[in-house]
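Order of appearance sets the numbers: ligands from 1, and atoms from 1 within every ligand.
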Amino acid sequence: MKTAFSGIQPTAIPTIGNYLGALRNWVALSKTHRCVYSVVDMHAITVRQDPENLRKRVREVYALILACEPDPENTVLYVQSHVAAHAELSWILSNYTMFGELNRMTQFKDKSAKHADNINAGLFTYPVLQAADILLYDADVVPIGEDQKQHLELARDIALRFNGIYGNVFVVPEPMIPKTGARIMSLLDPARKMDKSDPNPGGYISMLDSRDAVITKCRRAVTDSGSDVRYDPVEKPGVSNLMTIYAICTGKTLEETESDFAGSGYGAFKTAVGEAADALLDPIRRRAQTLIQSPTHLDRLMAREAERAHAVADPVLRRVREVIGLLPRK
Ligand code: ATP
Ligand code: LTN
C-alpha cells in the first residue's frame with residue numbers, strides 16, 4: 001500500500017473550499033492508501049492565536065475530519081505537536097533549505113502582507129516544517145488544494161537535495177490536486193481564494209454553518225452582470241465558482257449544470273447551490289457536532305493516534321540523524 005500524508009491548520013473551522021479541494025480526497029485515498037493526516041497546530045501558531053480558542057479549534061477540526069469518515073482501518077489522524085519528531089526534523093531540514101527558496105514562497109508574501117505587524121521567522125520557515133511533516137511518513141502522495149502546490153514542490157526539492165548528498169533517505173512525494181475544486185473562490189470576491197481565516201464570514205461557507213447560513217451566503221454571493229448560468233472563469237468568475245460548488249456537491253458535470261439552469265436566472269441558481277452545499281454538509285455537520293460534545297473521548301483518541309504516528313515517524317527520524325552524523329540517543 002502506498003502512503004498519503006496531508007495536514008490542515010486549526011486556524012478556523014474548515015470551509016467548503018477545504019472540503020472540495022482537500023478533505024474530499026483525504027477520504028477517497030483512505031480506501032486505497034495507508035493515510036496519515038494531521039491537524040497542524042504548530043503551523044497555526046505562525047499567526048498569533050488565542051490559547052483558549054486554539055485548544056477549542058484543534059478539537060473541532062479533529063472532530064470534523066473524523067466526521068468526514070476516512071476509512072479508520074487505513075487512517076492515522078493525529079495532532080502535529082503531539083509528535084515531537086516534526087520540530088526536530090524541521091530544524092534539520094532548515095539546514096538543507098535555501099533562504100532564496102523560502103523568499104519566493106507566495107504564501108509567505110501573502111501572509112506577511114496580511115500580518116504586517118508580525119512577520120516572524122516561523123512564518124518564513126513554515127514550508128520547512130511542512131516538508132518535515134510529509135517526509136517523516138515516507139509519503140508517496142499528498143492531497144492538497146492548488147494553493148499548496150508551491151510548498152509541495154519545495155518539499156520535493158528538499159528531499160531530492162538531501163537524497164543527493166546521503167543516498168535514498170526520503171521518499172520523494174507527489175502532489176494530488178483535484179481537476180475541479182482545487183481552488184474554490186471567495187463568495188464575495190471571486191478573484192481571491194475562499195479562506196477560512198477571512199475576517200468577513202460572508203466570503204466562505206464554513207463546514208459547521210447552519211442550513212440557513214449556507215443558503216443566505218450563496219444568495220448573497222457576488223455574481224456577474226448578465227443572467228445566463230454559463231461556465232467561463234474569466235468573464236464570469238462568480239457564476240463559474242458557484243457552478244463548480246454545485247457540480248461537485250451534486251455529482252453533476254459542468255455541462256449538466258449549465259443545462260439544468262438554462263433560462264432560469266441567477267436567483268433560482270444561487271438558492272439551488274446553497275441547497276446542494278447544505279445537502280453535502282448536513283450529515284458531516286451532525287456527526288461533527290456529536291463528537292464535539294465529547295472532548296474527553298476526542299482527547300483519548302488523539303493520545304492513541306499520536307502514539308501510532310510516532311511509531312511511523314521515529315524510525316525515519318533515526319535514519320536521518322544517523323546519515324548526517326548525529327550520535328544515537330540512548
Ligand atoms: P488559512 O486561512 O488559515 O490559511 P486555509 O483555508 O488556506 O487556511 P489550510 O488549513 O491552510 O486552509 O488548508 C487545508 C487544505 O485545504 C490545503 O490542502 C489547502 O490547499 C486546501 N484549501 C485551502 N483553501 C482552499 C480553497 N479555497 N479551495 C480549495 N482548496 C483549498
Ligand atoms: N501548509 C498547509 C497545511 C499543511 C500541509 C502539511 C499540507 C501543513 N503540513 C503537509 C500537506 C502536507 C496549508 O496551509 N494548507
Side-chain angles (χ1 to χ4, degrees), residues 3-26 29 35-49 54 57-58 60-61 64-65 68 78-81 83 86-87 89-90 93 105-108 110-111 114-115 122-123 125-137 139-156 158-159 173-187 189-201 203-207 241 244-245 248 309 313:
T3 300
F5 182 94
S6 200
I8 185 163
Q9 299 188 74
T11 39
I13 300 293
T15 69
I16 197 162
N18 298 126
Y19 184 78
L20 301 181
L23 295 176
R24 185 168 59 107
N25 274 334
W26 293 22
L29 280 168
C35 295
V36 185
Y37 298 138
S38 186
V39 177
V40 292
D41 52 348
M42 296 206 296
H43 278 107
I45 61 169
T46 55
V47 169
R48 204 67 75 225
Q49 303 289 337
L54 180 60
R57 284 279 174 269
V58 170
E60 286 168 344
V61 173
L64 253 172
I65 299 167
C68 294
Y78 71 101
V79 176
Q80 184 191 35
S81 69
V83 179
H86 291 252
L89 184 61
S90 179
L93 293 182
M105 294 292 120
T106 56
Q107 182 175 302
F108 173 66
D110 293 348
K111 297 246 160 156
K114 251 193 226 158
H115 305 278
L123 199 59
T125 57
Y126 176 115
V128 183
L129 178 59
Q130 183 165 347
D133 295 343
I134 299 165
L135 300 180
L136 265 178
Y137 296 90
D140 299 286
V141 52
V142 184
I144 43 172
E146 172 76 33
D147 63 301
Q148 292 303 309
K149 199 171 160 204
Q150 197 186 29
H151 286 170
L152 213 279
E153 272 158 19
L154 179 61
R156 286 172 56 87
I158 296 171
E174 296 281 346
M176 179 189 190
I177 300 173
K179 282 201 184 66
T180 36
R183 193 174 178 82
I184 300 294
M185 309 311 279
S186 159
L187 299 180
D189 177 2
R192 281 193 303 119
K193 95 169 175 84
M194 184 182 282
D195 230 327
K196 64 173 136 62
S197 322
D198 187 339
N200 186 345
Y204 58 77
I205 296 171
S206 146
M207 289 179 71
N241 188 42
T244 303
I245 296 174
I248 309 177

### Task
Would you please say whether a donor-acceptor pair under 3.5 Å links the side chains of Gln107 and Asp147?
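No - no donor-acceptor pair under 3.5 Å links their side chains.
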### Query
When you look at Cys68 and Met207, which way does the side-chain contact (heavy atoms from CB on, under 4.5 Å) test go after all the steps?
CA-CA 10 Å; Cys68 294; Met207 289 179 71; 3.9 Å; yes
Can you tell me the protein heavy atom closest to [atom] and the distance?
{"atom": "atom 11 (O) of ligand 1", "value": "Gln9 NE2, 3.2 Å"}
{"atom": "atom 16 (O) of ligand 1", "value": "Asn18 ND2, 3.0 Å"}
{"atom": "atom 1 (P) of ligand 1", "value": "Ser197 OG, 3.2 Å"}
{"atom": "atom 7 (O) of ligand 1", "value": "Lys193 NZ, 2.6 Å"}
{"atom": "atom 14 (O) of ligand 2", "value": "Tyr126 OH, 2.7 Å"}
{"atom": "atom 3 (C) of ligand 2", "value": "Gly7 O, 3.7 Å"}
{"atom": "atom 2 (O) of ligand 1", "value": "Asp195 OD1, 2.4 Å"}
{"atom": "atom 27 (N) of ligand 1", "value": "Ile184 O, 2.8 Å"}
{"atom": "atom 3 (O) of ligand 1", "value": "Thr11 OG1, 2.6 Å"}

### Message
Between Glu153 and Arg156, does any side-chain N to carboxylate O distance fall below 4.0 Å?
### Response
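No, this pair does not count.
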### Message
Between Asp195 and Lys114, does any NZ, NE, NH1 or NH2 come within less than 4.0 Å of an OD or OE carboxylate oxygen?
### Response
yes
[X] vs [Y] side-chain heavy atoms within contact, under 4.5 Å:
{"X": "Val39", "Y": "Gln9", "result": "no"}
{"X": "Phe108", "Y": "Leu123", "result": "yes"}
{"X": "Ser90", "Y": "Thr125", "result": "no"}
{"X": "Thr46", "Y": "Lys111", "result": "no"}
{"X": "Val40", "Y": "His86", "result": "no"}
{"X": "Asp133", "Y": "Ser38", "result": "no"}
{"X": "Gln148", "Y": "Gln130", "result": "yes"}
{"X": "Ile8", "Y": "Val61", "result": "yes"}

So, is [X] polar-close to ligand 2, with some N/O to N/O distance under 3.5 Å?
{"X": "Gln130", "answer": "yes"}
{"X": "Gln148", "answer": "yes"}
{"X": "Asp147", "answer": "no"}

Report yes if some N/O of [X] lies less than 3.5 Å from some N/O of ligand 1; otherwise report no.
{"X": "Gly145", "result": "yes"}
{"X": "Met185", "result": "no"}
{"X": "Met194", "result": "yes"}

### Query
With a 4.0 Å cut-off on heavy atoms, does Gln107 reach ligand 2?
yes
[X] contact mode with ligand 2 (heavy-atom cut-off under 4.0 Å):
{"X": "Leu129", "value": "neither"}
{"X": "Leu152", "value": "neither"}
{"X": "Val142", "value": "side chain"}

### Message
Between Asp198 and Arg192, is the side-chain contact (heavy atoms from CB on, under 4.5 Å) condition met? List the steps.
### Response
CA-CA 10 Å; Asp198 187 339; Arg192 281 193 303 119; 3.6 Å; yes
Heavy atoms only: which of [options] lies closest to [atom]?
{"atom": "atom 30 (N) of ligand 1", "options": "Gly17, Gly7, Pro14", "value": "Gly17"}
{"atom": "atom 20 (O) of ligand 1", "options": "Asp110, Ile144, Ile8, Asp147", "value": "Asp147"}
{"atom": "atom 9 (N) of ligand 2", "options": "Ile8, Asp133, Thr11", "value": "Asp133"}
{"atom": "atom 8 (C) of ligand 2", "options": "Gln80, His43, Met42", "value": "His43"}

For [X], counting its heavy atoms only, list the atoms of ligand 2 lying under 4.0 Å from any of them.
{"X": "Val40", "answer": "8 (C), 9 (N)"}
{"X": "Ser6", "answer": "7 (C), 11 (C), 12 (C)"}
{"X": "Ile144", "answer": "11 (C)"}
{"X": "Gln9", "answer": "14 (O)"}

At under 4.0 Å between heavy atoms, which part of [X] makes contact with ligand 1: side chain, backbone, both or neither?
{"X": "Lys111", "result": "side chain"}
{"X": "Ala22", "result": "side chain"}
{"X": "Lys196", "result": "both"}

### Identified ring pair (Phe, Tyr, Trp, His ring centres under 6.0 Å) counterpart of Phe5 within the set Trp26, Tyr137, Tyr37
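Exactly one pass, corresponding to Tyr137.
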### Query
Strictly under 4.0 Å, does any heavy atom of Gly181 approach an atom of ligand 1?
yes
